[in-house]
*Asks:* 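Here it is, the structure in full.
Scope of the values below: all heavy atoms of this structure, side chains included, with no hydrogens, waters or symmetry mates. Numbering of residues begins at 1 and proceeds along the displayed sequence.
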Amino acid sequence: METKLMTIETLFGPEIITLPCKPIKFRQIRAVYEKLEVREEVQAYLPPDRRYTSPEQISQIFSFLTSESKEYFFTLHLDGKNKIHCLDCVSVGSLNQSIVHPREVFKTALLSSAAAIILVHNHPTGDPSPSSEDITITRRLKEAGELIGIKVLDHIIVGSEGTCSFVERGLV
């Protein structure tokens with residue numbers, strides 16, 4: 001550790017003292033992406049150049065959520081041509097709720113440079129009808145996205161009794 005010499009005035013005149021120099025430490029954040037490698041034939045399931053333009057396309061991808069016993073909330077990050085750029089599992093909840101906050105949704109969307117996002121979650125009860133909480137959080141996310149320049153294109157709820165698109169119901 002380095003030391004620093006400093007002169008101070010005392011009752012008896014100037015005096016030289018030594019002070020230890022302490023390092024200043026900061027936390028640095030780096031965006032780290034993780035590539036997941038799927039070793040199955042998924043070309044028909046998720047073609048790399050597919051543009052996603054309808055809720056049915058997204059519903060098909062997330063149909064596996066109908067058999068889940070917990071609520072999962074995902075965001076699909078899309079580029080400027082509506083191609084999937086990234087996928088984020090924002091929250092895993094309980095039987096009938098998951099905690100979703102705009103900060104968590106847009107943190108990864110900003111890091112991935114998403115032009116738009118699509119929200120997807122499941123209702124383990126099977127009924128895809130949106131709850132009042134679903135409608136409220138979608139409005140909050142849409143407003144937050146408008147502020148930072150990331151458009152919320154749709155919110156899709158998957159259930160064993162069908163799917164619900166907020167765009168098709170006029171809720172977005």
*Asks:* For I135, what are the other residues in its hydrophobic cluster, where any two members join if their side-chain heavy atoms are less than 4.5 angstrom apart?
*Replies:* I157, F166, V167, L171, V172
*Asks:* In Å and rounded to the nearest 0.5 Å, what is the CZ to CD1 distance from R51 to I84?
*Replies:* 13.0 Å
*Asks:* My understanding is that only residues two or more places apart in sequence, or in another chain, count here; which of them pass side chain to side chain donor-acceptor pair (under 3.5 Å) with S129?
*Replies:* D127
*Asks:* My understanding is that only residues two or more places apart in sequence, or in another chain, count here; which of them pass side-chain contact (heavy atoms from CB on, under 4.5 Å) with S59?
*Replies:* I156, T163
*Asks:* Do V105 and I117 pass the side chain to side chain contact (heavy atoms under 4.5 Å, CB included) test, and can you show the C-alpha distance, the side-chain angles, and the key distance before you say yes or no?
*Replies:* CA-CA 9 Å; V105 169; I117 61 172; 3.7 Å; yes
*Asks:* Within this structure, what is the CG-CD1 distance for the pair L119 and I137, rounded to the nearest 0.5 Å?
*Replies:* 9.0 Å
*Asks:* What is the minimum heavy-atom distance between A115 and G80, and which atoms define it?
*Replies:* CB-N, 3.8 Å
*Asks:* I'd like to check the side chain to side chain donor-acceptor pair (under 3.5 Å) partners of S91; sequence neighbours left out, ordered by chain and number.
*Replies:* none
*Asks:* Do the side chain of E168 and the main chain of C164 share a donor and acceptor less than 3.5 angstrom apart?
*Replies:* no
*Asks:* Taking only residues two or more places apart in sequence, or in another chain, which ones meet E133 in a side-chain contact (heavy atoms from CB on, under 4.5 Å)?
*Replies:* S131
*Asks:* Within this structure, what is the OG-CG distance for the pair S63 and L65, rounded to the nearest 0.5 Å?
*Replies:* 8.0 Å
*Asks:* Could you walk me through whether I58 and L76 pass the side chain to side chain contact (heavy atoms under 4.5 Å, CB included) test, one step at a time?
*Replies:* CA-CA 9 Å; I58 305 300; L76 285 173; 3.6 Å; yes
*Asks:* Could you name each residue pair satisfying salt bridge (Lys or Arg N to Asp or Glu O under 4.0 Å) that touches residues 140-161, not counting sequence neighbours?
*Replies:* K142-E146
*Asks:* Quick test of your reading: applying salt bridge (Lys or Arg N to Asp or Glu O under 4.0 Å), list the pairs with at least one residue in residues 100-113, sequence neighbours left out, ordered by first then second residue.
*Replies:* E104-K107
*Asks:* Heavy atoms, side chains only, cut-off 4.5 Å: are I148 and L110 in contact?
*Replies:* yes
*Asks:* I need the minimum non-hydrogen distance between F73 and H121, along with the two atoms involved.
*Replies:* CD1-CB, 3.6 Å
*Asks:* Using every non-hydrogen atom in the two residues, find where I150 and A109 come nearest and quote the distance to one decimal.
*Replies:* CD1-CB, 3.9 Å
*Asks:* Assign the ring pair F62 / F74 to parallel, tilted or perpendicular, where the plane angle (0 to 90°) is split at 30° and 60°.
*Replies:* tilted
*Asks:* If you compare all heavy atoms of D79 against all heavy atoms of H85, which two are closest, and at what distance to 0.1 Å?
*Replies:* N-CB, 4.2 Å
*Asks:* Roughly how far apart are S98 OG and H123 NE2, rounded to 0.5 Å?
*Replies:* 8.5 Å
*Asks:* Do the side chains of L141 and T75 get nearer than 4.5 Å, heavy atoms only?
*Replies:* no
*Asks:* Could you report the tightest heavy-atom contact between V120 and H155, atom names first, then the distance?
*Replies:* N-CD2, 4.5 Å
*Asks:* How far does CD1 of I61 sit from CG of L87, to the nearest 0.5 angstrom?
*Replies:* 9.0 Å
*Asks:* Can you name the ring pair (Phe, Tyr, Trp, His ring centres under 6.0 Å) partners of F106, sequence neighbours left out?
*Replies:* none
*Asks:* Who are the side-chain contact (heavy atoms from CB on, under 4.5 Å) partners of L147, not counting sequence neighbours?
*Replies:* none
